[in-house]
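Here's the structure we're looking at; comments come further down.
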Amino acid sequence: MATGGNAIRGTRVGSGPMGEQDHGYHADRIPVSYWDGLGNETVRYFAAGLPDDEIPETIDHPQSGLPAGRDRQNPPMLAKPEPYKTHLAYVKERRTDEEAEQLLEDALTQLRERRGGN
């Protein structure tokens with residue numbers, strides 16, 4: 001086992017003093033609350049001198065992953081999931097044979113026009 005130097009275990013050599021002043025915790029900050037569609041609140045801190053138009057109106061809530069807004073009374077709406085569709089529902093949405101024939105004829109006409117123009 002190689003040992004050497006007089007560094008204390010668990011410290012980084014050459015890191016220097018790391019107090020609050022080095023992290024920027026002494027800067028004036030303002031708390032801004034955000035609420036998601038479930039009523040959960042999260043607080044983000046921004047620099048006090050930051051103009052209000054640079055503070056985002058919506059963020060992604062860190063716990064729920066939902067969009068969160070600054071307006072407590074009207075938070076962003078929850079995403080509405082699409083209902084599950086069975087194969088039969090898709091079959092019912094298919095075009096009629098007449099519509100399919102018309103689409104095919106239109107596509108062939110466009111293809112013939114492109115080939116004839118070259």
Side-chain angles (χ1 to χ4, degrees):
M1 181 168 134
T3 60
N6 59 358
I8 301 170
R9 280 184 68 184
T11 63
R12 294 184 310 154
V13 176
S15 65
M18 296 291 286
E20 288 185 5
Q21 69 275 10
D22 299 319
H23 288 289
Y25 294 138
H26 65 289
D28 291 333
R29 299 179 299 158
I30 56 169
V32 177
S33 294
Y34 291 92
W35 287 271
D36 66 5
L38 301 175
N40 300 321
E41 179 186 14
T42 188
V43 178
R44 295 281 173 99
Y45 293 90
F46 296 94
L50 195 64
D52 196 41
D53 60 338
E54 290 188 22
I55 297 175
E57 287 295 321
T58 60
I59 61 168
D60 289 335
H61 197 276
Q63 282 81 28
S64 65
L66 300 171
R70 294 171 63 182
D71 187 3
R72 184 177 192 170
Q73 303 302 325
N74 297 313
M77 298 294 295
L78 297 174
K80 187 175 182 182
E82 291 292 322
Y84 176 76
K85 291 173 91 174
T86 63
H87 176 69
L88 184 60
Y90 283 109
V91 169
K92 288 181 181 178
E93 289 180 359
R94 288 186 183 161
R95 301 181 187 276
T96 62
D97 290 341
E98 294 81 24
E99 290 175 327
E101 288 176 11
Q102 182 61 38
L103 284 172
L104 179 61
E105 188 60 37
D106 292 343
L108 290 173
T109 304
Q110 290 178 1
L111 184 61
R112 289 182 187 124
E113 288 175 359
R114 287 184 194 155
R115 287 189 175 182
N118 288 338

Inset, instruction - Using side chain to side chain donor-acceptor pair (under 3.5 Å) as the criterion, list what pairs up with D52, not counting sequence neighbours. - result: R70
Could you state the interatomic distance from [atom1] ([X]) to [atom2] ([Y]), rounded to the nearest 0.5 Å?
X    : Y    : atom1 : atom2 : value
F46  : I55  : CZ    : CD1   : 6.0 Å
L108 : L103 : CG    : CG    : 11.0 Å
T109 : R112 : OG1   : CZ    : 6.0 Å

Inset, instruction - Establish whether L38 and W35 are linked, either directly or via other cluster members, by ILVMFWY side-chain heavy-atom contacts under 4.5 Å. - result: no
Legend entry - Co-membership, hydrophobic cluster, residues I30 and I59, 4.5 Å side-chain: yes
Contact between [X] and [Y] at the side-chain level, heavy atoms closer than 4.5 Å - yes or no?
X   : Y   : value
P56 : Y34 : yes
P62 : R44 : yes
D36 : P67 : no

Legend entry - Test side-chain contact (heavy atoms from CB on, under 4.5 Å) applied to D60 and L66, step by step: CA-CA 6 Å; D60 289 335; L66 300 171; over 6 Å; no
Inset, instruction - Quick one: closest heavy-atom pair of L78 and G37, and the distance? - result: CD2-CA, 4.0 Å
Inset, instruction - Please answer whether the main-chain N or O of T96 pairs with a side-chain N or O of E99 as donor and acceptor at a distance below 3.5 Å. - result: yes
Legend entry - Pairing residues for E41 by the salt bridge (Lys or Arg N to Asp or Glu O under 4.0 Å) criterion, not counting sequence neighbours: none
Inset, instruction - Would you tell me whether S64 and N40 have side-chain atoms, one donor and one acceptor, within less than 3.5 Å of each other? - result: no
Legend entry - No-hydrogen, no-angle side-chain donor-acceptor test under 3.5 Å, Q102 and D106: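 D106 and Q102 do have a side-chain donor-acceptor pair below 3.5 Å.
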